[in-house]
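When a residue number appears, it is its place in the shown sequence, counting from 1.
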Amino acid sequence: MVDVSRVQKELTECNRDREVSGVSIALHDGSTISHLTGTIAGPQGTPYEGGTFVIDIRLPGGYPFEPPKMQFITKVWHPNISSQNGAICLDILKDQWSPALTLKTALLSLQALLSAPAPDDPQDAVVAQQYLRDYSTFSATARYWTEAFAKSSSTGMEEKVQKLVEMGFPEDMVRSVLKSVNGDENMALEKLCSG
């Protein structure tokens, strides 16, 4: 069973200094405390700078003695993150997890991973090869993906809202879902259709 009081304390602690740390956590669509959504600011001086990356966080029943399950919702071009499904290769989310670590520590580790990829232990071999063999193309692609998927621009957002409302979905729900998927229209439609 998830330690609810610990998780609530961690949420408060993580969100207290989000302007400084660049990470935050919220309940996923107001659901149970075992399903959360994290956000990470792209680190300065990297191709991810200026982006906001959304992370799906699921807490297993054994948390904090078992690591949280984390996956990028925002598409990201990075050797240690799957460009297909957002799976993450990071030791503290696997065998190096310790109950002394927190959700904030895990999100800060993901932020650090964006700053310092480990292409020799990749999650996405294609991206890792590009990183090692043609860094300028890797960097340009990562910047492009950040622009396309991790920056929610208000321009175009109203058009997305209008389009989804015209499909018959309530406007407040559309805005909420679009915000939760960082403006990704396709993901928003998928979420709205699945209930």
Asp124 to Ile81 - nearest heavy-atom pair and separation
CB-O, 3.7 Å
Dump the intermediate steps for side-chain contact (heavy atoms from CB on, under 4.5 Å) on Leu114 and Thr46, then the final yes or no.
CA-CA 8 Å; Leu114 290 178; Thr46 71; 5.6 Å; no
Say whether, by atom type as modelled, one donor and one acceptor occur between the side chain of Asp91 and the main chain of Gln96 under 3.5 angstrom.
no
Between the side chain of Ser176 and the main-chain N/O of Asp172, is any donor-acceptor distance below 3.5 Å?
no
Could you check whether any side-chain heavy atom of [X] comes within less than 4.5 Å of a side-chain heavy atom of [Y], counting everything from C-beta outward?
{"X": "Leu110", "Y": "Val23", "result": "no"}
{"X": "Leu11", "Y": "Ile33", "result": "yes"}
{"X": "Ile92", "Y": "Leu101", "result": "yes"}
{"X": "Ile73", "Y": "Phe53", "result": "no"}

Check this for me, if you would: do [X] and [Y] make a salt bridge, where the nitrogen-to-carboxylate-oxygen distance has to be below 4.0 angstrom?
{"X": "Lys104", "Y": "Asp17", "value": "yes"}
{"X": "Arg16", "Y": "Glu13", "value": "yes"}
{"X": "Glu147", "Y": "Arg143", "value": "no"}

Answer with yes or no whether the side chains of [Y] and [X] bring together a donor and an acceptor at under 3.5 Å.
{"X": "Ser136", "Y": "Ser139", "value": "no"}
{"X": "Ser180", "Y": "Lys191", "value": "yes"}
{"X": "Glu10", "Y": "Tyr63", "value": "yes"}

Using the rule that Ile, Leu, Val, Met, Phe, Trp and Tyr join whenever any side-chain heavy atoms are under 4.5 Å apart, tell me whether Val4 and Ile57 fall into a single cluster.
yes
Joint cluster assignment, Ile88 & Val126, ILVMFWY side-chain distance < 4.5 Å
no
Which value, rounded to the nearest 0.5 Å, describes the distance between [X] atom [atom1] and [Y] atom [atom2]?
{"X": "Asn80", "Y": "Leu90", "atom1": "CG", "atom2": "CG", "result": "8.0 Å"}
{"X": "Gln44", "Y": "Ser115", "atom1": "CD", "atom2": "OG", "result": "10.0 Å"}
{"X": "Lys160", "Y": "Leu189", "atom1": "NZ", "atom2": "CG", "result": "12.5 Å"}
{"X": "Thr37", "Y": "Ile55", "atom1": "OG1", "atom2": "CD1", "result": "10.0 Å"}

Met173 atom CE: more than 12 heavy-atom contacts under 6.0 Å:
no
How would you list, by chain and number, every residue that makes a side chain to side chain contact (heavy atoms under 4.5 Å, CB included) with Ser82, sequence neighbours excluded?
Gln84, Asn85, Ala87, Gln123
One pair to check against side-chain contact (heavy atoms from CB on, under 4.5 Å): Leu103 and Met70. What are the steps and the verdict?
CA-CA 10 Å; Leu103 295 170; Met70 294 190 173; 4.1 Å; yes
Starting from the C-alpha separation in whole Å, work towards a yes-or-no answer on side chain to side chain donor-acceptor pair (under 3.5 Å) for Thr39 and Ser24.
CA-CA 5 Å; Thr39 56; Ser24 64; 2.5 Å; yes
